[in-house]
Novice: 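Below is a structure I'd like to ask you about.
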2 protein chains.
Amino acid sequence: MTAQDDQLDAVGVNADQRSAAGAERPIPDATVARLAVYLRALSGLVETGIATVSSESLAAAAGVNSAKLRKDLSYLGSYGVRGVGYDVALLLEQIRATLGLNEDRAVALIGVGHLGQALAGYAGFATRGFQIAALFDADPAVVGSQLRGLRVLHVDLLEQVVRAERVAIAVIAVPAAGAQDVCNRLVAAGVTSILNFAPVVLAVPAHVDVRKVDLAAEMQILSFHDSRKSARAEDAQARFSDEQPFRPGSGDASVSMAAAK
Amino acid sequence: MTAQDDQLDAVGVNADQRSAAGAERPIPDATVARLAVYLRALSGLVETGIATVSSESLAAAAGVNSAKLRKDLSYLGSYGVRGVGYDVALLLEQIRATLGLNEDRAVALIGVGHLGQALAGYAGFATRGFQIAALFDADPAVVGSQLRGLRVLHVDLLEQVVRAERVAIAVIAVPAAGAQDVCNRLVAAGVTSILNFAPVVLAVPAHVDVRKVDLAAEMQILSFHDSRKSARAEDAQARFSDEQPFRPGSGDASVSMAAAK
DNA sequence: ACGCCCTTGTGAAGGCATTCACAAAATCGA
DNA sequence: TCGATTTTGTGAATGCCTTCACAAGGGCGT
Ligand SMILES: NC(=O)c1ccc[n+]([C@@H]2O[C@H](COP(=O)([O-])OP(=O)(O)OC[C@H]3O[C@@H](n4cnc5c(N)ncnc54)[C@H](O)[C@@H]3O)[C@@H](O)[C@H]2O)c1
Ligand SMILES: NC(=O)c1ccc[n+]([C@@H]2O[C@H](COP(=O)([O-])OP(=O)(O)OC[C@H]3O[C@@H](n4cnc5c(N)ncnc54)[C@H](O)[C@@H]3O)[C@@H](O)[C@H]2O)c1
C-alpha cells in the first residue's frame with residue numbers, strides 16, 4: 001500500500017494531543033485501507049436504520065475478522081460501549097473525520113479518454129466529498145467538450161488551474177507514455193496526492209503520495225492463483241468434489257486468500 | 001487458496017522435483033503482486049533492446065529495493081548470473097510462466113456501462129493473454145449492441161455461456177446492488193476468479209478468489225494522508241520549505257495491497 | 001443494589017514481509 | 001591460472017500486522 005510516510009512523525013512525541021480532531025497513536029496503513037470499507041458498511045447500516053452494531057457483525061459485513069476490526073477502531077479512540085457495541089452514526093462520523101472526509105477536496109482528472117470519461121461520471125466521487133474541479137486532455141478533439149458540467153481544458157493550463165482551484169488530489173488517466181510527464185507537472189504545481197491508472201511506476205519526490213490502480217496486475221494475480229488451482233485440480237482429479245460451505249467473503253482488497261485459519 | 005502455513009520446507013523435502021512446470025517453494029502473495037510490475041519493467045527493457053539487467057537497475061525501474069527484488073525472483077528459481085545480472089528474455093519468460101500467462105484465459109465482463117465499456121476496450125487485456133470471451137448486461141438497450149467485435153449478451157445467458165466458453169476469470173462492473181447476485185451466478189457457473197469493481201464486499205466460497213478495485217477507498221486513503229500533511233504543514237508553518245530531493249517512486253502503492261490482507 | 005452476561009479494548013504471541021549484509025559464484029584482465 | 005571485481009542468492013535480524021485470548025467495563029433484569 002502506500003508508502004511509508006507516516007513513520008516520520010514518530011519523532012519523539014510523548015503523549016501529545018492535537019487541536020481538534022486528530023487521532024493520535026499513528027494509524028497503520030493497513031488499518032487506514034480498511035477504514036474505507038468499514039465506512040461503506042456503516043453507511044449501509046444507517047440506511048437500514050440500525051443504530052448500534054457489534055464488532056462481530058460489522059466485521060462480518062466488512063469481510064474481516066472481529067479482532068482486527070476492534071483493533072483498527074481502537075486506533076481512532078474508544079467509541080464503543082462494552083456489552084453493547086458501537087453507535088453507528090458516531091462511529092461513521094469518527095471514521096469520516098479520521099480519513100479527512102469532512103473537508104471537501106478538489107480533484108483534477110487528467111486524460112479524458114475511455115477510462116477518464118467513466119471516472120468523470122462516477123457517482124462515487126461526488127457522494128463522498130470529492131469534487132471534480134477540472135478535467136484535462138491534450139487532444140484538441142476532446143478539449144472544449146462538456147462533461148458533467150465541466151469543460152475539458154487543455155493540459156497546458158494544468159499548472160495554472162491546479163493552483164487556482166487548490167487541487168488536492170489528481171487522477172491520472174492518460175496513456176502510459178504520457179503519465180510521468182503529467183505527474184511531473186502535477187508535482188511542480190504542488191499536488192501531493194496522486195491516483196494513477198496508467199501502467200507505469202511513477203517517480204515522485206518523497207513527500208508525494210502515489211497510489212496506483214493496476215488492472216493488468218490484478219488480472220495477472222488472478223491468473224497466478226487460477227493456474228495453481230487448475231494444476232491442483234489435475235493432480236487430484238480422482239478426489240471428489242471439494243465444495244466448501246459458504247463463508248463470508250474474505251473482504252479486503254486483495255486476494256481472498258482464504259482464511260486458513 | 002493461498003493459505004499456506006508451511007513456509008519452511010526445512011525438514012521435509014530435499015531435492016524435490018515438480019511434475020510439470022510448477023515452481024515449488026510457495027510464493028508469497030506480496031511477491032506475486034510484484035511480479036506483474038517486474039514483468040512490465042522487463043517488457044520495457046526488451047523493447048529497448050537491453051539483454052541483461054542487474055537486480056539494482058531492474059529494482060529501480062520497478063520502484064522497489066534490490067534486495068526485495070532478488071528475494072522475489074529467488075522464489076522462481078535461480079535465473080540470474082552472479083557478477084552479471086539477469087537475462088531479460090529468460091526472466092521475462094519465467095515470470096510469465098509463473099503467473100500462468102502462457103495459457104490464454106477467457107474473460108467475461110458483466111456490466112457494460114460506462115466503466116464496462118472502457119474496460120472492454122482496454123488494450124492491456126488482449127496484449128497480455130486475456131481474451132474477452134463474452135460481455136453481459138441486463139439493460140435491453142445495451143444487449144445486442146456490438147463492442148470490440150463482441151455482441152453484448154443478456155445476463156440471463158451467463159451460466160450457459162460461461163460454461164461453454166470455459167471462462168476462467170470474470171470481471172464485475174455492475175452497480176453495487178447487483179454485484180452479489182451476479183457473483184453468485186458466476187460462482188454457480190464454476191468461475192473461481194473474480195475481479196470486482198463494484199463497491200461491495202462479495203461473499204464467496206473459500207475456493208473462489210476475489211480481488212477488488214475500489215476507487216472510493218483509494219481516494220479516501222489519499223485523503224487521509226493528505227489531511228495529515230496539511231495538519232503537519234500548519235503545525236510547522238514556521239519552518240522552512242522541506243522540499244526533498246528526488247527519489248525513485250515509492251513503487252508499491254497499489255491496490256489493494258492493502259492487499260494482501 | 002447486585003450479579004450476570006455481553007462485548008469492547010488490548011497485551012502478548014505468532015506469522016509474514018522487508019531489509020540487511022555477506023559468502024558464494026561467475027566473468028574478466030593480466 | 002589466478003585474483004580482482006561484480007552481483008547474485010539467502011540466512012538472519014527487524015519490524016509490521018494479524019490473531020488470540022481474556023480482563024475490564026457497562027447495561028439490564030431481578
Ligand atoms: N480503459 C480501461 O479500462 C483502462 C483500465 C486500466 C487502465 N487504463 C489505463 O488508463 C489510461 C487511459 O486509458 P484509456 O482507455 O482511457 O485511454 P484513451 O486513449 O481512451 O484515453 C487517453 C486520453 O488521454 C489523453 N492524453 C494523452 N496524452 C495526454 C497528455 N500528455 N496530457 C493530457 N491528456 C493526454 C488522450 O487525448 C486521451 O483522451 C491508460 O494508461 C490505460 O493503460 C485503462
Ligand atoms: N464509472 C467508474 O469510473 C467507476 C469507477 C469505480 C467503480 N465503479 C463501479 O463500477 C460499477 C459500474 O459502474 P458504471 O459507471 O459503469 O455504471 P453504469 O450504470 O454506467 O453501468 C452499469 C451497467 O451494468 C448493467 N447492469 C445492472 N445490473 C446488472 C445485472 N444484474 N446484470 C448485468 N448487468 C447489469 C447496467 O445495465 C449498466 O449497463 C459500479 O458498481 C460502480 O460503482 C465505476
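Bear in mind that the values here come from a model prediction, so they are computed numbers and not experimental data. In the text below, chain A, chain B and the rest are named by the order of the sequence lines, each starting its count at 1.
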Novice: Under 4.0 Å from any atom of DNA chain C, heavy atoms only: list the residues of residues 31-42 of chain B that qualify, in numerical order.
Specialist: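 B:Arg34, in order of number.
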Novice: Taking only residues two or more places apart in sequence, or in another chain, which ones meet A:Ser74 in a side chain to side chain donor-acceptor pair (under 3.5 Å)?
Specialist: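 Applying side chain to side chain donor-acceptor pair (under 3.5 Å) to A:Ser74 gives none.
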Novice: Show which side-chain atoms of residues 195-203 of chain A pair as donor or acceptor with protein atoms under 3.5 Å away, not counting sequence neighbours.
Specialist:
{"unit_1": "A:Asn196", "atom_1": "OD1", "unit_2": "A:Ala198", "atom_2": "N", "d": "2.9"}
{"unit_1": "A:Asn196", "atom_1": "ND2", "unit_2": "A:Ala198", "atom_2": "O", "d": "3.1"}
{"unit_1": "A:Asn196", "atom_1": "ND2", "unit_2": "A:Val200", "atom_2": "O", "d": "3.3"}

Novice: Return each pair, listed once, that meets salt bridge (Lys or Arg N to Asp or Glu O under 4.0 Å) where at least one residue sits in residues 35-49 of chain A; pairs must be two or more places apart or across chains.
Specialist: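 Non-adjacent pairs meeting salt bridge (Lys or Arg N to Asp or Glu O under 4.0 Å): A:Arg40-B:Asp214.
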Novice: Under the side-chain hydrogen bond (donor to acceptor under 3.5 Å, both in side chains) rule, what pairs show up with a residue in residues 78-92 of chain B, not counting sequence neighbours?
Specialist: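 Qualifying pairs, neighbours excluded: B:Tyr79-B:Gln94.
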Novice: Please give, in whole Å, the distance from C:dC20 P to B:Leu69 CG?
Specialist: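 The distance from CG of B:Leu69 to P of C:dC20 comes to 15 Å, rounded to the nearest Å.
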Novice: List in chain and number order the residues that pass salt bridge (Lys or Arg N to Asp or Glu O under 4.0 Å) with B:Glu56, two or more places apart in sequence or in another chain; answer none if no residue qualifies.
Specialist: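 Counting only residues at least two positions away or on another chain, B:Glu56 forms no salt bridge (Lys or Arg N to Asp or Glu O under 4.0 Å).
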Novice: Taking protein heavy atoms under 4.0 Å as touching, what does nucleotides 5-15 of chain D look like 5' to 3' if B marks base contact, S marks sugar-phosphate-only contact and - marks none?
Specialist: -BBBBBBB---
Novice: Provide, to the nearest angstrom, the distance between the NZ atom belonging to B:Lys68 and the C1' atom belonging to C:dA17.
Specialist: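 Value for this atom pair: 8 Å.
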Novice: Output all residues satisfying side chain to side chain donor-acceptor pair (under 3.5 Å) with B:Arg96, sequence neighbours left out; order by chain, then residue number.
Specialist: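 Expected list: B:Asn102.
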Novice: Tell me every residue that passes side chain to side chain contact (heavy atoms under 4.5 Å, CB included) with A:Asp181, counting only those two or more places apart in sequence or in another chain.
Specialist: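 Applying side chain to side chain contact (heavy atoms under 4.5 Å, CB included) to A:Asp181 gives A:Arg185.
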Novice: With distance as the sole test, does B:Ser193 use its side chain to make a donor-acceptor pair with the main-chain N or O of B:Asp209 at under 3.5 Å?
Specialist: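 Such a contact is absent between B:Ser193 side chain and B:Asp209 backbone.
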